[in-house]
Asks: 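Mind looking over this structure? Questions follow.
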Amino acid sequence: MNESWSDLSPLDPGRDPERWEALLRRTRAAARGELARRALAGPLARWVRPALPMAAALAMAAGGVLALTEAIPQSASAQAPGVAEAMGVPYAMTVSAEAGASDAADQLLLPDAPESR
Amino acid sequence: MGAAGRSGPRPVTATRVPPIPTDAHLIERARRGEGDAFDALMRRHMRAAYAVALAQTGDRDDAEDVCQDAFVTALKRLDEVRRPEAFVGWLLQIVRNRAHNLRRHQRVRSALPLDAAEEAPARARGPAHDAEDAELRGRLLEALEHLTPTQREVVLLYDVQGWTHREIAAAVGTTEGAARVHLHHGRRALRALLGPTYRGEDTP
C-alpha cells in the first residue's frame with residue numbers, strides 16, 4: 001500500500017470515524033460535570049452580581065447615618081424632644097432627671113408658680 | 001403589484017442559511033453551561049488539538065488522553081479567555097501543557113476510562129487493514145520523532161489538517177515566514193528519513 005506512504009494521511013484521525021466519535025463522546029462525558037456546575041452557577045451569578053453592589057451601597061449608607069448620628073452634639077440631642085416627652089413626662093422633669101437634681105416634688109409639679117402665694 | 005402576482009425565482013432570502021456561530025458566541029454559551037455549544041467548539045477544534053497532541057506525545061492513545069484532558073481544562077478555565085478570536089491558540093497551549101505533563105509523569109493511558117479502552121479495538125475495518133495502518137502510522141510517528149516539536153506541529157497541521165500558514169502561525173505563536181521555514185525543514189527531514197515514498201510537497 002505504497003500510496004499511503006506518500007503523505008501523512010495514516011495519522012489523520014478521520015480515517016477511523018468510530019474511534020474519533022468515541023473520543024468526542026469521552027470528552028463530552030468528562031465535561032458533563034463542569035457544564036452542570038456552570039449551568040447552575042449562571043443563574044446564581046445573575047442574582048448575586050447585582051445584589052453585591054446593592055449590599056455595598058446599603059452598607060455605605062448605613063455607615064453614613066451612623067457617622068452623622070455620632071457627629072450630633074450631646075447638648076443638641078438633650079434639647080431635642082425625646083422618648084420621655086413622647087410618653088408624656090414633662091420636659092422640666094426630664095431635664096431635672098438628666099442633671100441628677102433632687103428637687104422637691106412641689107417644684108417639679110409647679111415650676112412656674114409665684115413665690116408669694 | 002403585490003408579491004402574489006410575481007412570477008420567477010424566489011427571493012434569495014427565502015433560502016437563507018443560518019450563520020455559523022463564531023467561537024466568541026460558542027464560548028459565551030459554553031460559559032453558561034450549554035452542552036451543545038461546548039460540543040460545537042469541540043468538534044471545531046478537536047482535530048487541531050489532536051494534531052498538536054500527537055506532535056507532542058508521538059502516540060495516538062496519549063494524544064487522545066491529552067485532548068480529552070485539555071478540553072475539560074479549557075472548559076474549566078473558559079472565563080480566562082479574554083480574546084475569543086484567539087481561542088484556538090489558547091486551547092493549543094493547554095494541549096501542549098497537558099502533553100508535557102503526561103510525558104513528565106509517564107502516565108500512559110492511565111486516564112482513559114475503561115469503557116473507552118474497550119471501545120478502541122472495536123473498529124469496522126478488518127484486522128489486516130488495521131495492522132497495515134498501524135505499521136504505517138508507527139513508521140511515520142517514528143520518523144516524526146526526529147523533528148523538533150514545533151516542526152512536528154507545523155507538518156501535522158499543514159499536511160494532515162490542511163491549515164494555512166497564517167492559521168498555523170497564529171496557533172503556534174510565530175510568524176507566517178517562520179511557519180514556512182518549520183514546514184520546509186520538517187518535510188526535508190521526513191523525506192530523508194522515509195525515502196522517496198514520502199511525497200511531501202515543498203512549501204508553496
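To find a chain, count down the sequence lines: A is the first, B the second, and so on, and within it residues start at 1.
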Asks: Using non-hydrogen atoms and a limit below 4.5 Å, what part of residues 35-54 of chain B faces chain A?
Replies: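 So the qualifying residues are Gly35(B), Phe38(B), Asp39(B), Met42(B), Arg43(B), Met46(B), Arg47(B), Tyr50(B), Leu54(B).
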Asks: Looking only at heavy atoms, which of residues 55-65 of chain A get nearer than 4.5 Å to chain B?
Replies: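 Heavy-atom contacts from residues 55-65 of chain A to chain B are absent.
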Asks: Name all residues meeting the salt bridge (Lys or Arg N to Asp or Glu O under 4.0 Å) criterion together with Arg32(A); count only those two or more places apart in sequence or in a different chain, and write none if there are none.
Replies: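 Listed in chain order: nothing, the list is empty.
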Asks: Rounded to the nearest 0.5 Å, what separation is found between the CD atom of Glu64(B) and the CZ atom of Arg26(A)?
Replies: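 Answer rounded to 0.5 Å: 5.0 Å.
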Asks: Hey, is CG on Leu66(A) packed in by over 12 heavy atoms from elsewhere, all under 6.0 Å?
Replies: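 Result for CG/Leu66(A): enclosed.
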Asks: In terms of heavy-atom proximity below 4.5 Å to chain A, should Leu78(B) be classed as side chain, backbone, both, or neither?
Replies: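 Both parts, heavy atoms under 4.5 Å.
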Asks: Name all residues meeting the ring-ring contact (aromatic ring centres under 6.0 Å, His included) criterion together with Trp90(B); count only those two or more places apart in sequence or in a different chain, and write none if there are none.
Replies: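 For Trp90(B), the residues satisfying ring-ring contact (aromatic ring centres under 6.0 Å, His included) (neighbours in sequence not counted) are Phe87(B).
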Asks: Rounded to the nearest 0.5 Å, how far apart are CG of Asp159(B) and CG of Leu8(A)?
Replies: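 Between atom CG of Asp159(B) and atom CG of Leu8(A) there are 5.0 Å.
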Asks: In terms of heavy-atom pairs under 4.5 Å, which option from Lys76(B), Gln161(B), Glu34(B) contacts chain A the most?
Replies: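 The option with the most such pairs is Lys76(B).
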Asks: Please name the pair of heavy atoms, one in Leu35(A) and one in Ala30(B), separated by the smallest distance, quoted to 0.1 Å.
Replies: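 Smallest interatomic distance, heavy atoms only, reads CD2-O, 4.3 Å.
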Asks: Take atom CD in Glu85(B); do more than 12 heavy atoms of anything else shown fall under 6.0 Å from it?
Replies: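 Counting neighbours around CD of Glu85(B), more than 12 heavy atoms of other residues, nucleotides or ligands fall under 6.0 Å, so yes.
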Asks: Testing the basics here: between Arg137(B) and Pro10(A), what is the closest heavy-atom pair and its distance to 0.1 Å?
Replies: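 So the minimum-distance heavy-atom pair works out to CG-O, 3.2 Å.
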Asks: Give a yes or no on whether the backbone of Leu75(B) and the side-chain of Arg38(A) come within a donor-acceptor separation of less than 3.5 Å.
Replies: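 Between the backbone of Leu75(B) and the side chain of Arg38(A) there is a qualifying donor-acceptor contact (under 3.5 Å).
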Asks: For a quick test of reading the model, state the closest non-hydrogen atom pair linking Val72(B) to Ala31(A) and the distance between them.
Replies: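 Minimum heavy-atom contact is CG2-N, 4.0 Å.
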